[in-house]
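Here is the structure we will look at, set down as structure tokens.
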Amino acid sequence: MAATVLDGTGAGTARRTTVAQRLTALGRAELILLLRNRTALFMALAMPLALVLTMQASLKEMDLGKAGMSIAEAAVIGGTGFILLLVVHVNLVSAYVARREELVLKRLRTGEVSDREILAGTALPSVGLALVQIGLLLVAAVAFLDLRAPQRPDLLLAGVVLALAVLASLAALISAWTRTVESSQLTVMPMLMISSIGSGLFVPVELMPDNIRAVAELLPMTGAMTLIRDGWLGVSDGKDLLGAALTALAWVALSVFAVNRWFRWEPRR
């Protein structure tokens, strides 16, 4: 399908755009809106740093030797998870709701942009910002906290990519049951709390009782966080990593299916 562009005489000319061009245009527009939203910027830039500092204080009370990590390593690993949660998941729920209620999503669907491109284009700025922050955290951890460089960069990257896929798709799903941007502050809380407590962000999963750990390992972010942790530390065996990867992939598949089934393009009025 071709996009129609008006030339200087007012006549319409057809021009076919590529997927990359459409995603770039959508991402640029969404980035401008994100930069204008001071609340979203604060959540994306300041909150992860504040939570990392808070975590360092709380981690001093734990015996992290059983988990095979230091306080600084636990704080950096948890901080990576909080960046993903706050910058990607929390921001995207409100972004999808806002664009839906303002009829932006409905108008975009009348053009040549596919549904998946609309969802991906909306997510691009948040994903890009999260990747930049994780990169800065990695550099700062090695340079100023005297941590070793990630032992398995491939696993770290795989964990981040899987977490992005899970959190972005769950954000789109949660937006379907969120009536307003204001109410998104409430609808994101279950995922935020469950992941913070159960997926090893505040308390390493290895320190949990066995029965609780068995449940925690099935949560949406736990598989990705296991890969991220092992990317830093290189401590898990192949069986644990395979189970973590399969859990994360299962959540990606399940959440994508749910988005295809229940995502709302029309305002909830």
Side-chain angles (χ1 to χ4, degrees), residues 1 3-4 17 19-48 82-133 163-196 220-221 251-252 254-269:
M1 184 175 180
T4 300
T17 58
V19 172
Q21 289 173 325
R22 295 194 293 271
L23 287 177
T24 300
L26 287 170
R28 185 187 301 116
E30 192 63 36
L31 178 61
I32 293 172
L33 293 173
L34 175 61
L35 294 176
R36 291 176 179 174
N37 189 330
R38 295 182 180 180
T39 301
L41 273 181
F42 174 79
M43 289 291 294
L45 298 176
M47 284 299 293
F82 276 116
I83 288 172
L84 292 164
L85 270 174
L86 295 174
V87 179
V88 178
H89 185 72
V90 174
N91 269 348
L92 279 182
V93 172
S94 60
Y96 286 132
V97 173
R99 306 304 167 258
R100 182 193 70 211
E101 296 302 308
E102 294 165 357
L103 300 178
V104 173
L105 299 181
K106 185 176 181 179
R107 289 196 294 268
L108 286 172
R109 296 186 87 195
T110 63
E112 66 175 325
V113 188
S114 70
D115 289 352
R116 292 183 180 180
E117 289 169 2
I118 294 171
L119 296 176
T122 303
L124 277 178
S126 295
V127 169
L129 183 57
L131 291 175
V132 169
Q133 286 189 274
L164 289 172
V166 170
L167 293 174
S169 53
L170 286 178
L173 178 62
I174 291 172
S175 73
W177 287 281
T178 306
R179 290 188 174 275
T180 65
V181 174
E182 291 75 18
S183 64
S184 68
Q185 299 174 26
L186 297 176
T187 56
V188 299
M189 289 305 295
M191 181 65 184
L192 191 60
M193 296 300 295
I194 289 172
S195 298
S196 299
M221 272 199 74
W251 275 105
V252 172
L254 182 63
S255 54
V256 168
F257 169 81
V259 170
N260 289 332
R261 176 67 177 81
W262 288 295
F263 185 76
R264 294 181 66 98
W265 300 92
E266 302 280 345
R268 291 181 62 96
R269 294 172 184 169

Between A130 and V87, what is the shortest heavy-atom contact and its length? N-CG1, 3.7 Å

For residues 166-175, run the donor-acceptor check on the side chains, cut-off 3.5 Å, and write out each pair with its distance to 0.1 Å, sequence neighbours left out.
residue: S169; atom: OG; partner: A165; partner atom: O; Å: 2.7
residue: S169; atom: OG; partner: V166; partner atom: O; Å: 3.0
residue: S169; atom: OG; partner: S255; partner atom: OG; Å: 2.7
residue: S175; atom: OG; partner: A172; partner atom: O; Å: 2.6

L164 vs L84, test: side chain to side chain contact (heavy atoms under 4.5 Å, CB included). Steps then yes/no. CA-CA 7 Å; L164 289 172; L84 292 164; 3.6 Å; yes

May I have the list of side-chain donor-acceptor pairs in residues 181-192 shorter than 3.5 Å, sequence neighbours left out?
residue: S183; atom: OG; partner: T180; partner atom: N; Å: 3.1
residue: S183; atom: OG; partner: T180; partner atom: O; Å: 2.8
residue: S183; atom: OG; partner: T180; partner atom: OG1; Å: 3.2
residue: S184; atom: OG; partner: V181; partner atom: O; Å: 2.4
residue: T187; atom: OG1; partner: T178; partner atom: OG1; Å: 3.0
residue: T187; atom: OG1; partner: S184; partner atom: O; Å: 3.4

Parallel, tilted or perpendicular, as decided by the 30° and 60° cut-offs, for the rings of W177 and W262: tilted

Heavy atoms of R100 and R179 approach each other most closely as NH2-O, 3.6 Å

For L92 and S126, which heavy atoms make the closest approach, and how far apart are they? CD2-OG, 4.0 Å

How many angstroms lie between CG in L26 and CZ in R99, if you round to the nearest 0.5 Å? 11.0 Å

Sequence neighbours left out, what pairs pass ring pair (Phe, Tyr, Trp, His ring centres under 6.0 Å) with at least one residue falling in residues 101-124? none

Just wondering, are more than 12 heavy atoms of other shown residues or ligands nearer than 6.0 Å to CZ in R261? no

I'd like to know whether F257 forms a side chain to side chain contact (heavy atoms under 4.5 Å, CB included) with N260, so could you lay out the CA-CA distance, the side-chain angles of the two residues, the decisive distance to 0.1 Å, and finally the verdict. CA-CA 5 Å; F257 169 81; N260 289 332; 5.6 Å; no

Kindly compute the distance separating CD (E30) from CD1 (I32), expressed to the nearest 0.5 Å. 10.0 Å

Separation of L108 CG from L103 CG (nearest 0.5 Å): 11.0 Å

Has the side chain of Y96 got a donor or acceptor atom that lies under 3.5 Å from a matching backbone atom of R264? no

Rounded to the nearest 0.5 Å, how far does CD1 of I118 lie from CZ of R107? 11.5 Å

Side chain to side chain contact (heavy atoms under 4.5 Å, CB included), that's the test. Do L119 and F263 meet it? Break it down for me. CA-CA 10 Å; L119 296 176; F263 185 76; 3.6 Å; yes

Would you compute the distance between atom CD of E101 and atom NZ of K106 and round it to the nearest 0.5 angstrom? 12.0 Å

